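Below, chains carry the letters A, B, ... as their sequence lines are ordered, and counting in each starts from 1. Every value quoted in this text rests on a predicted model; they were computed, and no experiment measured them.
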Amino acid sequence: MNKEKVIELSKVNKWYGEFHVLKDIDLSVYQGEKIIVCGPSGSGKSTLIRCINRLEEHQEGTVRIRDTILDHHTQSIEKIRSEVGMVFQQFNLFPHLSILDNCALAPSWVRKMSKKDAEELAMTYLAKVKIDDQALKFPGQLSGGQQQRAAIARALCMEPKIMLFDEPTSALDPEMIKEVLDVMTDLAKAGMTMIVVSHEMAFAKEVADRVIFMDEGSIVEEKPTAQFFSNPENERTKLFLSQIL
Amino acid sequence: MKIKNLITWSRTNLFSNWYNSLISLFCIYLIIISLPPFIDWAFLSATFEGKLKTDCKTSGACWVFVKVWFEKFMYGFYPVENIWRINLSFLILIISISLSFFVKDKFKIYILFFLIFVFPIIAFVLIHGSFGMQIVESREWGGLALTFILAIFGIIFSFPLGVLLALGRRSELPIIKYFSICFIEFWRGIPLITVLFAAAVMFPLLLPADSYVDKTLRIAVGIAIFESAYIAEVVRGGLQSLPKGQYDAARSLGMGYWKMNFFIVLPQAIKTVIPGIANTFIALLKDTPLIVLVGMAEILGMINLAKANPYWLGMAVEGYVFAAAIFWVASYFLSSYSQRLEKKYSTEKK
């Protein structure tokens with residue numbers, strides 16, 4: 001694979017006070033790759049991806065996104081955030097804005113598009129996640145699955161090169177998980193670079209190029225998808241897989 | 001049929017058990033002993049016609065007093081021939097506020113902009129005078145007009161300042177954070193009357209001899225700063241109620257500090273604290289009569305002057321009832337306006 005390396009974490013360490021959340025994380029992600037991150041709760045999965053767009057600050061090591069190295073400069077942080085989209089477990093839609101405004105706000109005020117262009121863009125992505133008919137409703141009027149799809153559309157409206165998903169289906173009722181995973185699968189097939197924290201192993205088998213297993217702040221196992229499921233080496237991975245599959 | 005309804009209604013609402021019945025009976029008793037005498041005093045045996053105190057021959061209220069002094073109560077010693085300028089200013093204010101009920105959301109932001117940035121200038125030019133209009137120094141302002149000028153100035157300036165202080169108190173930059181905390185705690189820790197005396201009496205002593213800041217302006221700024229500390233704490237309550245995910249989402253979309261606060265954080269935070277803000281503004285409105293104590297004659301001051309007039313001695317009750325009625329109406333307006341806002345935004349949220 002001679003594709004461009006778009007994310008590179010090397011020797012990343014992070015502490016919450018005394019608690020060592022991320023231990024010497026090394027991770028490279030290439031253009032168009034889909035990575036699934038799994039592991040028991042409290043293993044640092046969310047913290048890891050939140051360090052990629054600086055929602056959390058790492059204390060040691062370097063995080064490089066394409067040509068930008070993350071540091072304290074607001075410029076580098078905002079540049080990275082405009083290239084990296086994120087979808088959250090709790091959707092985090094803005095409840096005081098309509099779905100359309102949720103999507104059009106950042107393009108018009110961060111990307112400085114005209115309001116009309118931003119709304120057209122928003123409608124395009126809302127159509128892609130199949131909720132363009134709900135555009136004028138408010139988040140509270142939508143089901144969980146619809147809200148999460150709207151949140152995906154909102155992130156896509158910034159036309160990111162990389163998408164991060166932080167347990168996107170964990171807060172959903174079972175019957176709504178599929179509609180969100182379908183949207184994510186479409187996105188994966190369109191060639192988006194994705195890092196997904198998820199326990200949806202069927203989804204992982206279908207779309208992931210690599211699976212990463214984390215435990216107690218370290219990457220315990222990192223393998224191409226097929227090998228990860230057929231031939232896990234680490235005892236903790238085996239235990240985890242036996243519990244979840 | 002209707003009487004039957006009334007009986008069932010009072011059974012369920014007034015006399016559902018023995019202690020509710022007791023309380024209801026007591027309240028009815030209070031109403032019976034207080035309301036008829038008041039109605040008799042205020043309306044039935046009151047005098048409305050006349051020009052002098054001696055025209056009041058009945059036992060009830062002498063509203064002639066209020067009638068004769070009405071213009072002074074409203075405008076203080078503002079020159080009579082220029083009163084239209086005050087009226088015009090308030091007319092502009094009333095029209096722009098009522099307009100905001102009817103126009104689309106998109107235009108409301110322009111009205112808000114007008115009220116905060118343009119209206120104060122127009123009102124000042126009109127009331128103070130300039131561009132060929134006769135200058136009316138602020139010491140001649142008075143009556144209800146002055147009450148409203150101070151209250152509106154206080155509301156318009158304390159609100160943005162309070163919001164900034166609330167944000168400052170939660171800032172990650174220590175200088176801004178501790179400055180905001182000190183500022184808020186200082187102004188909340190001293191009584192308003194101290195602020196008024198300081199602004200009216202002490203502040204000029206601290207200035208160089210040849211400089212002069214208008215007394216009304218000093219008082220108005222003092223009130224605005226004082227109230228901004230309260231607004232800041234109310235707004236901070238709203239900021240704290242906002243889930244952390246909203247900040248995450250806004251930041252993940254590349255919004256900087258100001259965009260995040262302006263579009264995402266403040267609209268939601270302020271919405272949740274509308275009742276608290278209305279509360280503060282009503283308190284502000286009712287605090288303004290304190291300026292009587294530093295020698296400014298707003299409506300209560302004018303009433304005090306009028307009741308001390310040798311031809312009108314003994315009219316205090318009429319004057320104070322009148323003032324109470326006016327403050328009640330103004331506060332009720334603020335309160336119902338805030339309830340209206342609250343209702344409107346709570347439906348959007350659902």
Check whether [X] gets within reach of chain B through its side chain, its backbone, both or neither, counting any heavy atom under 4.5 Å.
{"X": "V84(A)", "value": "backbone"}
{"X": "R54(A)", "value": "backbone"}
{"X": "I80(A)", "value": "neither"}
{"X": "F94(A)", "value": "both"}

Atom [atom1] in [X], atom [atom2] in [Y]: separation rounded to 0.5 Å?
{"X": "M192(A)", "Y": "K161(A)", "atom1": "CE", "atom2": "NZ", "value": "9.0 Å"}
{"X": "T47(A)", "Y": "H58(A)", "atom1": "OG1", "atom2": "NE2", "value": "13.5 Å"}
{"X": "M86(A)", "Y": "N53(A)", "atom1": "CE", "atom2": "CG", "value": "5.0 Å"}

message = Quick check on side chain to side chain contact (heavy atoms under 4.5 Å, CB included): which of T62(A), I219(A), L48(A) does L9(A) satisfy it with?
response = L48(A)

key: Neighbour count above 12 (heavy atom, 6.0 Å) for Y110(B) OH   =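 Check fails, neighbour count at 12 or below.
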
message = Taking D166(A) first and then K45(A), would you say they form a salt bridge - that is, a charged N and a carboxylate O separated by under 4.0 Å?
response = no

inquiry  = Using the rule given for salt bridge (charged side-chain N to carboxylate O under 4.0 Å, His left out), can you reason through K177(B) versus E172(B), listing the C-alpha separation, both sets of side-chain angles and the distance that settles it, and then say yes or no?
reply    = CA-CA 7 Å; K177(B) 182 177 175 178; E172(B) 286 167 10; over 6 Å; no

query = Using non-hydrogen atoms and a limit below 4.5 Å, what part of residues 220-229 of chain B faces chain A?
reply =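 Hits under 4.5 Å: none found.
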
Show which side-chain atoms of residues 144-170 of chain B pair as donor or acceptor with protein atoms under 3.5 Å away, not counting sequence neighbours.
residue, atom, partner, partner atom, Å
T147(B), OG1, G143(B), O, 3.3
T147(B), OG1, E298(B), OE1, 3.2
S158(B), OG, G154(B), O, 2.6
R169(B), NH1, E185(B), OE2, 3.2
R169(B), NH1, E233(B), OE1, 3.3
R169(B), NH1, E233(B), OE2, 2.9
R169(B), NH2, E185(B), OE2, 3.3
R170(B), NH2, Y247(B), OH, 3.4

query = For chain A, which of G256(B), P243(B), G254(B) has the most heavy-atom pairs under 4.5 Å?
reply = G254(B)

